[in-house]
Amino acid sequence: MRELLNFFLKWRFFIFFIFLESSALFLSFSKKNFPIYTESSSFLLGKIYETIYRLRGYFLLDIENKRLINENIKLRHASISSKIKKIIKDFKEENVEYLQQYIYTPVKIINNSIHEQENYITINKGSLDGIKIDMGIILSDGIAGIIIKTSPHFSIAISLLNPKIKVNARLRKNKYFGTVSWDGLDHEHVVLYDIPRHSIFSKGDIVETDGKSATFPEGIPIGKVSSYRFDEEHANYVITVKLFSNFSTIENAYVVKNLFKKEWNNIQLYKVEHK
């Protein structure tokens with residue numbers, strides 16, 4: 001009995017899809033063989049067809065979304081930003097080997113706040129799926145947050161829209177780096193701090209991750225410069241960044257696993273201990 005239940009749960013979408021297709025075929029043949037004489041029955045039949053069409057489109061869209069997500073994972077795994085160079089003595093560039101550094105797990109965002117002073121994200125995968133604390137969450141067009149708690153089947157992340165999180169970031173054009181944090185004003189903007197006075201940039205320039213932490217790969221886009229001011233007290237720029245991601249509609253995401261995170265943390269710890 002349990003095996004039968006598991007079978008139906010696993011294939012429920014496919015079975016429902018077959019049911020919808022069968023219903024559509026039945027109604028089509030019924031319409032040919034049994035004339036419909038009343039306007040009310042025609043209206044009802046039209047509504048049934050419309051419902052079947054919408055439901056079929058929904059499930060086909062779900063299948064297509066899963067296909068696109070899998071393709072995106074393959075592309076991200078293959079990206080140079082997800083790898084590190086393995087360099088040997090007297091190497092030639094064409095002979096350089098690349099080691100996989102980051103891998104990505106697709107997840108669904110099942111809860112997300114944007115109007116609190118401290119916002120959080122809940123995803124539908126947990127420790128049984130290999131999700132661990134301090135892993136980053138990225139979107140198709142930005143970053144979402146960092147995992148802070150896991151259970152076997154779910155995880156909670158601190159959102160980018162939370163002043164407690166700080167992300168290493170840079171201006172793509174000139175590579176000057178600082179930290180991105182949320183100022184709590186709205187869900188469409190964050191602030192890039194610590195850009196030096198001699199940095200040259202303009203509105204519309206792209207802000208991205210700089211790869212100087214073990215959480216996010218280098219070059220993940222965050223947003224564009226929308227405005228800026230010079231902070232005389234600290235002698236650097238404070239830059240307002242318009243996010244690429246609309247946090248009010250985010251649904252699909254990827255959890256980033258750094259395969260060299262333990263090694264990274266150990267070497268950073270050594271540096272701190274020997275200051």
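- No more than 12 heavy atoms of other residues, nucleotides or ligands shown are found within 6.0 angstrom of CD1 on Ile200.
- Atom NZ of Lys224 has 12 or fewer heavy atoms from other residues, nucleotides or ligands within 6.0 Å.
- Between the CG atom of Leu161 and the CG atom of Asp186 there is a distance of 8.5 Å, given to the nearest 0.5 Å.
- No more than 12 heavy atoms of other residues, nucleotides or ligands lie within 6.0 Å of NZ in Lys262, so this atom counts as exposed by the packing criterion.
- Ser127 places no side-chain N or O within donor-acceptor distance of the main-chain N or O of Thr150, the cut-off being under 3.5 Å.
- Between Ile121 and Ala144, the shortest heavy-atom distance links the atoms CD1-O, 3.7 Å.
- For Ile222 against Glu208, the heavy-atom pair with the smallest separation is CD1-C, 3.9 Å.
- Remark: the backbone N or O of Phe216 is not paired with any side-chain donor or acceptor of Thr209 at under 3.5 angstrom.
- Here Ile206 contributes atom CD1 and Leu171 contributes atom CG; the two are 10.5 Å apart, rounded to the nearest 0.5 Å.
- A continuous path of hydrophobic side-chain contacts links Val107 to Ile156 [ILVMFWY only; heavy atoms under 4.5 Å].
- For Tyr176 and His198, the distance between ring centers is under 6.0 angstrom.
- Side-chain atoms of Glu188 and Leu243, non-hydrogen and from C-beta on, never get closer than 4.5 Å to each other.
- Counting heavy atoms from C-beta outward, Leu139 and Phe244 have side chains that stay 4.5 Å or more apart.
- Under the 3.5 Å distance criterion, the side-chain polar atoms of Asn119 are matched with a main-chain donor or acceptor of Ile114.
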Next item on the list: Take His187 and Ser248 through the test side chain to side chain contact (heavy atoms under 4.5 Å, CB included) and record every step on the way to the result.
Entry: CA-CA 8 Å; His187 68 274; Ser248 64; 4.2 Å; yes
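- Not one N or O on the side chain of Ser181 forms a donor-acceptor pair closer than 3.5 Å with the backbone of Lys166.
- Side chains of Asn236 and Ile195 form no contact here, defined as non-hydrogen atoms less than 4.5 Å apart.
- In terms of hydrophobic clustering, with Ile, Leu, Val, Met, Phe, Trp and Tyr side chains grouped at heavy-atom distances under 4.5 Å, Ile148 and Ile138 are assigned to a common cluster.
- The environment of Lys132 atom NZ is sparse: at most 12 non-hydrogen atoms of other residues, nucleotides or ligands sit within 6.0 angstrom.
- Between Phe201 and Tyr228, the ring centre distance stays below 6.0 Å.
- Side-chain contact between Val190 and Asp183 is absent, with no heavy-atom pair separated by less than 4.5 Å.
- The shortest side-chain heavy-atom distance between Ile158 and Tyr120 falls under the 4.5 Å cut-off.
- Within 6.0 Å of CD in Glu118 there are more than 12 heavy atoms belonging to other residues, nucleotides or ligands.
- Judged by distance alone, with hydrogens and angles left aside, the side-chain atoms of Asp205 form no donor-acceptor pair with the main-chain N or O of Val225 at under 3.5 Å.
- Judged by distance alone, with hydrogens and angles left aside, the side-chain atoms of Ser226 form a donor-acceptor pair with the main-chain N or O of Thr240 at under 3.5 Å.
- In this structure, Asp141 and Ser245 approach most closely via the heavy-atom pair OD1-OG, 2.7 Å.
- At distances below 3.5 Å, at least one donor-acceptor pair connects side-chain atoms of Asn112 with backbone N or O atoms of Phe247.
- Gly178 and Asp194 get closest at one heavy-atom pair: CA-CB, 4.2 Å.
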Next item on the list: Check the pair Ile123 / Val255 against side chain to side chain contact (heavy atoms under 4.5 Å, CB included), numbers first and verdict last.
Entry: CA-CA 10 Å; Ile123 61 173; Val255 174; 3.7 Å; yes
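- Environment of OH in Tyr237: crowded, with over 12 heavy atoms of neighbouring residues, nucleotides or ligands closer than 6.0 Å.
- Both Val207 and Val167 belong to a common hydrophobic cluster when Ile, Leu, Val, Met, Phe, Trp and Tyr are linked at side-chain heavy-atom distances under 4.5 angstrom.
- The shortest distance between side-chain heavy atoms of Thr215 and Asn258 does not fall below 4.5 Å.
- The closest donor-acceptor contact from the side chain of Ser113 to the backbone of Glu116 lies at 3.5 Å or more, if one exists at all.
- Atom NZ of Lys212 sits about 4.5 Å away from atom CG of Asp210, to the nearest 0.5 Å.
- The backbone N or O of Pro196 sits nowhere less than 3.5 Å from a side-chain atom of Ser199 that would complete a donor-acceptor pair.
- For the atom pair NE2 of His234 and CZ of Arg197, the computed distance is 13.0 Å after rounding to the nearest 0.5 Å.
- The distance from the OG1 atom of Thr122 to the NZ atom of Lys149 is 12.0 Å, given to the nearest 0.5 Å.
- Across every non-hydrogen atom of Ser227 and Lys203, the tightest pair is CA-CE, 4.4 Å.
- Shown here is Lys257, whose NZ atom has no more than 12 heavy atoms of other residues, nucleotides or ligands within 6.0 Å.
- The residues Arg170 and Glu218 are annotated as salt-bridged, a charged nitrogen and a carboxylate oxygen being separated by less than 4.0 angstrom.
- Between Ile131 and Ile147, the closest side-chain pair of non-hydrogen atoms falls below 4.5 Å.
- Ile146 is listed as a side-chain neighbour of Ile165, based on a closest heavy-atom distance under 4.5 Å.
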Next item on the list: Could you go through the side chain to side chain contact (heavy atoms under 4.5 Å, CB included) check for Asn168 and Thr179 one step at a time?
Entry: CA-CA 5 Å; Asn168 293 314; Thr179 57; 4.1 Å; yes
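- The NZ atom of Lys108 sits 12.0 Å away from atom CD1 of Ile250, with the distance rounded to the nearest 0.5 Å.
- Under the side chain to side chain contact (heavy atoms under 4.5 Å, CB included) test applied with Asn124, the options Asp129, Asn111, Ile109, Ile110 reduce to a single match, Ile110.
- Shown here for Tyr102 and Ser213, the closest heavy-atom pair between the two residues is OH-O, 4.0 Å.
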